[in-house]
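Start at 1 and go down the list; that is how both ligands and their atoms are numbered.
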Amino acid sequence: MSQMKHIDSAPSTPGKFKMEKSPYSRISLGGAAGFVGTHVSSALKRRGDGVLGLDNFNDYYDTSLKRARQALLDRTGVYIVEGDINDVVLLKKLFDIVPFTHVMHLAAQAGVRYAMENPSSYVHSNIAGLVSVLEVCKNANPQPAIVWASSSSVYGLNTKVPFSERDRTDQPASLYAATKKAGEEIAHTYNHIYGLSLTGLRFFTVYGPWGRPDMAYFFFTKDILKGKSIPIFEAANHGTVARDFTYIDDIVKGCLGALDTAEKSTGSGGKKKGPAQLRVYNLGNTSPVPVSDLVSILERLLKVKAKRLVMKLPRNGDVQFTHANISLAQKELGYKPSTDLQTGLKKFVRWYLSYYADGKKSPQ
Ligand SMILES: NC(=O)c1ccc[n+]([C@@H]2O[C@H](COP(=O)([O-])OP(=O)(O)OC[C@H]3O[C@@H](n4cnc5c(N)ncnc54)[C@H](O)[C@@H]3O)[C@@H](O)[C@H]2O)c1
Ligand SMILES: O=C(O)[C@H]1O[C@H](OP(=O)(O)OP(=O)(O)OC[C@H]2O[C@@H](n3ccc(=O)[nH]c3=O)[C@H](O)[C@@H]2O)[C@H](O)[C@@H](O)[C@@H]1O
């Protein structure tokens with residue numbers, strides 16, 4: 001019942017919620033109050049697309065940050081309906097109000113290590129939730145094109161780098177990775193049986209302003225400023241632990257490229273032009289940086305020396321090294337990341353210091 005109350009409060013006519021500006025798209029954005037969702041929603045809105053957000057505002061991390069992102073989006077004209085992607089009645093109602101041309105599906109239980117604490121939240125959002133979204137999309141007329149977030153974690157224990165889309169993804173190191181891999185297989189099924197157009201994006205460790213407090217660059221910043229020690233994982237084989245850290249603005253461009261090149265399905269009554277798209281792309285940065293170097297950059301930007309606690313990489317779902325081959329996304333989506341880690345972290349730190357400056361908010 002409470003879900004219905006939320007949707008009843010969604011505007012059903014254009015106003016703040018403008019959806020009808022042809023030739024622009026009408027986009028349903030799941031996970032809009034999340035880190036990536038906030039940036040993608042506002043970029044879409046800025047260029048004239050209609051966006052309706054959906055988010056359940058769960059408390060995996062500080063909900064006040066999600067509410068602050070919501071307030072930011074509200075000012076740009078993006079409305080977020082509060083509800084769960086597993087609520088099929090709610091989803092159908094949204095599709096009745098708006099004939100969406102595209103679905104940008106970013107809602108998920110993110111985070112690699114938390115999967116050991118709360119495995120069922122991953123099954124709920126990343127498997128059951130994805131199926132709910134696809135069930136509703138399959139029955140919608142017209143059928144929307146779907147772009148959704150997979151993850152670099154699907155490469156799992158594969159050590160052949162850089163990872164390209166054709167490489168093996170059958171050795172996930174975490175339950176999170178397994179649910180993202182399952183999502184890719186589920187996408188295959190809905191494309192095969194129902195002709196849904198589906199594009200999966202394997203993001204590589206995204207960072208930037210309005211980011212996620214559970215991610216290392218974010219809580220390292222908080223703890224360095226507090227003078228607390230930070231655990232830096234070192235591989236048992238003494239090899240480098242590194243990530244292909246990717247700045248949020250580059251990821252946004254990749255998402256928009258994927259939406260713009262996604263082929264719309266024709267819906268139940270229409271004639272299909274041919275087999276619907278089923279695509280998957282790496283969205284990374286091509287230059288992995290050791291985690292210890294990330295800490296050095298933060299030290300310089302914050303002008304505080306970190307208390308480093310170097311420890312053996314625990315078996316906690318983390319993989320040792322990620323590196324994206326992005327040539328496919330470059331060719332087909334026009335994806336061209338342009339922000340290096342130093343520049344991107346500078347923007348993050350500037351945001352962090354100003355966001356928490358007034359002392360009324362504190363990072364949790
Ligand atoms: N940030 C990264 O480094 C990264 C890397 C690879 C993949 N991804 C994927 O990209 C997507 C966005 O990630 P993010 O970093 O913005 O994470 P996020 O946690 O900030 O955003 C996800 C949003 O989805 C919402 N949500 C979760 N379960 C929901 C449900 N059942 N119903 C409705 N809303 C729900 C959450 O409240 C949250 O606001 C996720 O699918 C994530 O797995 C992120
Ligand atoms: O690219 C991806 O697919 C994944 O990127 C991130 O996962 P991760 O790369 O593990 O990001 P962090 O949790 O921020 O960790 C970054 C690095 O810091 C290291 N780390 C983390 C925590 C810590 O206490 N110490 C430490 O050294 C990790 O081992 C890792 O190498 C996101 O959290 C996932 O949601 C996402 O799916």
Could you tell me which atoms of ligand 1, counted from 1 in the order shown, lie closer than 4.0 angstrom to a heavy atom of [X]?
X	value
Ser125	28 (N), 29 (C), 30 (C), 31 (N)
Asp84	30 (C), 31 (N), 32 (N), 33 (C)
Met215	1 (N), 3 (O)
Asn58	26 (N), 27 (C), 28 (N), 36 (C), 37 (O)

Classify the angle between the aromatic ring planes of Tyr114 and Tyr122 as parallel (below 30°), tilted (30 to 60°) or perpendicular (above 60°). tilted
Tell me whether ligand 1 is touched by [X] - counting only heavy atoms on the residue side and a distance under 4.0 Å.
X	value
Ser152	no
Gly83	yes
Gly211	no

Distance-only N or O hit between ligand 1 and [X], under 3.5 Å:
X	value
Ile85	yes
Lys180	yes
Gly37	no

List ligand 2 atoms under 4.0 Å from Pro231, heavy atoms only on the residue side.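 It comes down to these atoms of ligand 2: 23 (C), 24 (O), 25 (N), 26 (C), 27 (O).
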Report the nearest protein non-hydrogen atom to atom 33 (O) of ligand 2: residue, atom name, distance rounded to 0.1 Å.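 Ranked first by proximity to atom 33 (O) of ligand 2 is Arg212 NH2, 2.8 Å.
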Could you tell me whether Tyr207 and Phe348 have their ring centroids closer than 6.0 angstrom?
no
Closest to atom 19 (O) of ligand 1 (heavy atoms only, candidates Phe35, Tyr60, Phe57, Tyr61) is Tyr61
Check your understanding: Within 45° of the ring axis of Phe163 and under 6.0 Å from its six-membered ring centre, is that where the NZ or CZ of Arg168 lies?
Key ->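 Not satisfied by the 6.0 Å and 45° rule.
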